[in-house]
Participant: 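Below is one structure. I have some questions about it.
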Protein chains: 2
Amino acid sequence: MSDGAQFRQVSPVRLYQRIVEQIEQAIVRGDLKPGQRLPSERELVTQFGASRPTVREALRVLESSGLVRSRPGDPNGPEILPFSPAGLTKEMTRLVQFDNVSMAELISFRMILDGSASLLAARLRSEEELSAMERTIAVMSEAIEAGYAEFSKADMAFHEAVAVASRNSLIEVCNQVVRGAVLSLISDKVAHAGNSTALMRKSLHHHQEVLEAIRLRDGQAAARISRRTLFDYYAGYVPENEQGPLLALVDDEETSTTRP
Amino acid sequence: MSDGAQFRQVSPVRLYQRIVEQIEQAIVRGDLKPGQRLPSERELVTQFGASRPTVREALRVLESSGLVRSRPGDPNGPEILPFSPAGLTKEMTRLVQFDNVSMAELISFRMILDGSASLLAARLRSEEELSAMERTIAVMSEAIEAGYAEFSKADMAFHEAVAVASRNSLIEVCNQVVRGAVLSLISDKVAHAGNSTALMRKSLHHHQEVLEAIRLRDGQAAARISRRTLFDYYAGYVPENEQGPLLALVDDEETSTTRP
DNA sequence: ATGAGCTTACTGGTCAGGCCAGTCACAACG
DNA sequence: CGTTGTGACTGGCCTGACCAGTAAGCTCAT
């Protein structure tokens with residue numbers, strides 16, 4: 001056998017995959033924008049030269065990825081959907097369930113992401129972004145009376161504002177994904193025990209501390225407080241013998257001793 | 001209208017979705033383990049009471065998620081695949097292409113993940129894990145002669161060892177995903193320019209520094225060096241006017257001044 | 001002229017049945 | 001005992017059909 005040539009494993013490409021690729025790339029390239037419609041299934045059959053079941057297999061795959069949506073009877077054909085991280089969330093949730101990722105790892109990950117977002121926000125924020133954060137904190141304060149649902153919404157608005165200031169949307173998307181995974185795990189155990197006013201006030205106070213650190217452009221402090229906040233909030237759901245990694249992210253005491 | 005009842009939007013559930021759910025849950029529950037086989041399509045048709053096209057739509061969706069694989073002619077039926085983060089990678093890549101996530105954000109994200117992994121490893125490592133890391137570094141050193149492919153493999157082994165010591169598999173999975181996304185973006189521009197021995201030596205040196213910090217259990221230093229390493233390596237691919245967020249993760253000068 | 005209601009021509013969801021090429025277990029053959 | 005058919009499967013793909021929706025356009029009464 002010749003030593004020079006390297007052969008790769010070949011795998012037959014299914015027809016439906018070619019169709020998926022073509023539509024997918026058309027969307028990525030921007031030829032198909034969200035809101036636009038795909039031709040009807042029967043029209044696609046003629047365009048792709050494949051049978052309807054094959055075209056449908058492709059559409060089902062695209063649909064499960066959250067790229068398109070078919071509605072029965074819709075004369076306009078399947079709709080191109082705007083991008084949403086829903087698919088990412090699904091995959092992440094699968095990862096958690098499969099790879100038996102522990103609660104501790106999820107919380108730990110959130111502490112890292114949230115802390116990093118706060119750190120970046122503290123160092124990169126503009127004045128406008130700071131006041132935007134201040135406004136969301138004010139809304140949070142008022143929302144305490146309105147109940148947990150409102151408070152939670154305001155809370156997310158704050159984190160969104162922080163994410164914007166951190167100049168990194170990836171962090172926030174991943175954070176929301178992990179947050180969703182955490183909630184789907186603990187929702188079995190507790191039905192929003194965090195409904196009490198006292199807890200909301202405490203949470204608000206934590207957020208105010210983070211905001212203050214961001215105002216002072218003290219990235220390290222903002223990160224530390226963010227992590228501490230999450231730890232306080234979620235530590236109860238983690239068995240004590242698994243809290244080590246979490247504490248490792250909270251204890252920053254060595255910070256002042258490591259630099260020359 | 002009654003004020004008490006809350007109604008959610010309903011959406012008709014397709015037959016193929018029910019099938020997907022059932023198989024998916026069977027896998028998640030562990031009733032179906034990787035390597036095991038699903039009944040043949042025609043057998044599934046009788047079990048689910050649906051037609052073959054419908055069953056096939058379900059299988060295509062599961063296949064595109066990386067859960068099962070069908071091979072033509074295989075008398076054992078579709079195979080349950082071991083979990084792989086391939087689906088996550090695909091979704092993440094989509095996110096990058098769609099949401100026009102910039103190169104700077106990707107690098108920034110890797111700096112955060114890699115730095116956090118090093119920090120946790122430094123604080124949580126056991127002696128065995130430390131020596132495991134030392135071994136991979138030794139392999140890296142030897143692999144420089146063997147070329148970039150070998151070196152890259154050894155590099156990944158080191159990061160794997162760090163990930164194990166950090167007690168958090170999520171970080172590593174996400175890191176690999178982002179790493180893949182980055183490589184798929186810059187592979188267009190450069191065909192592995194990092195092939196030179198000099199670059200490998202430099203990379204090895206950086207890794208040794210990280211290892212030393214982990215040995216000393218100095219989490220902050222390990223994190224800082226990790227981020228710096230990545231910055232040095234990738235900064236060239238980021239336009240100068242977008243390097244701000246990256247520098248914000250490298251400059252830890254304020255560290256020693258923020259603690260009372 | 002204008003609005004309400006019906007008709008109709010589509011849509012996607014689902015099914016039954018069939019053909020083909022590939023794979024593999026196994027039996028017949030050398 | 002090894003080789004070689006061979007046949008009973010597999011999945012990939014197709015045709016054609018029926019049904020329940022949707023919505024546009026038409027009709028008709030106001």
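Naming convention: chains lettered A, B, ... in sequence-line order (proteins, then strands); numbering from 1 in each chain. Values below: all heavy atoms of this structure, side chains included; hydrogens, waters and symmetry mates excluded.
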Participant: Check A:Ile19 against A:Ala50 and note the closest heavy-atom contact, atom names and distance.
Facilitator: CD1-CB, 4.2 Å
Participant: What string of B, S and - do you get for nucleotides 8-13 of chain C 5' to 3' if you count protein non-hydrogen atoms under 4.0 Å?
Facilitator: ---BBB
Participant: Answer yes or no: is there an ion pair linking B:Arg56 with B:Glu41, defined by an N-O contact shorter than 4.0 Å?
Facilitator: yes
Participant: Let me know the distance between CG of B:Leu44 and C1' of D:dT10, rounded to the nearest Å.
Facilitator: 12 Å
Participant: Between A:Ala117 and A:Val162, which heavy-atom pair has the shortest distance, and what is it?
Facilitator: O-CG1, 3.8 Å
Participant: Within a reach of under 6.0 Å around CZ of B:Arg37, are more than 12 heavy atoms found that belong to other residues, nucleotides or ligands?
Facilitator: yes
Participant: Once you round it to whole Å, what is the distance between C1' of D:dT22 and CZ of A:Arg37?
Facilitator: 12 Å
Participant: Quick check: closest heavy atoms across B:Cys174 and A:Met92, and the distance to 0.1 Å?
Facilitator: SG-CE, 4.2 Å
Participant: Rounded off to whole Å, could you give me the CZ-to-P distance for the B:Arg18 and C:dT14 pair?
Facilitator: 11 Å
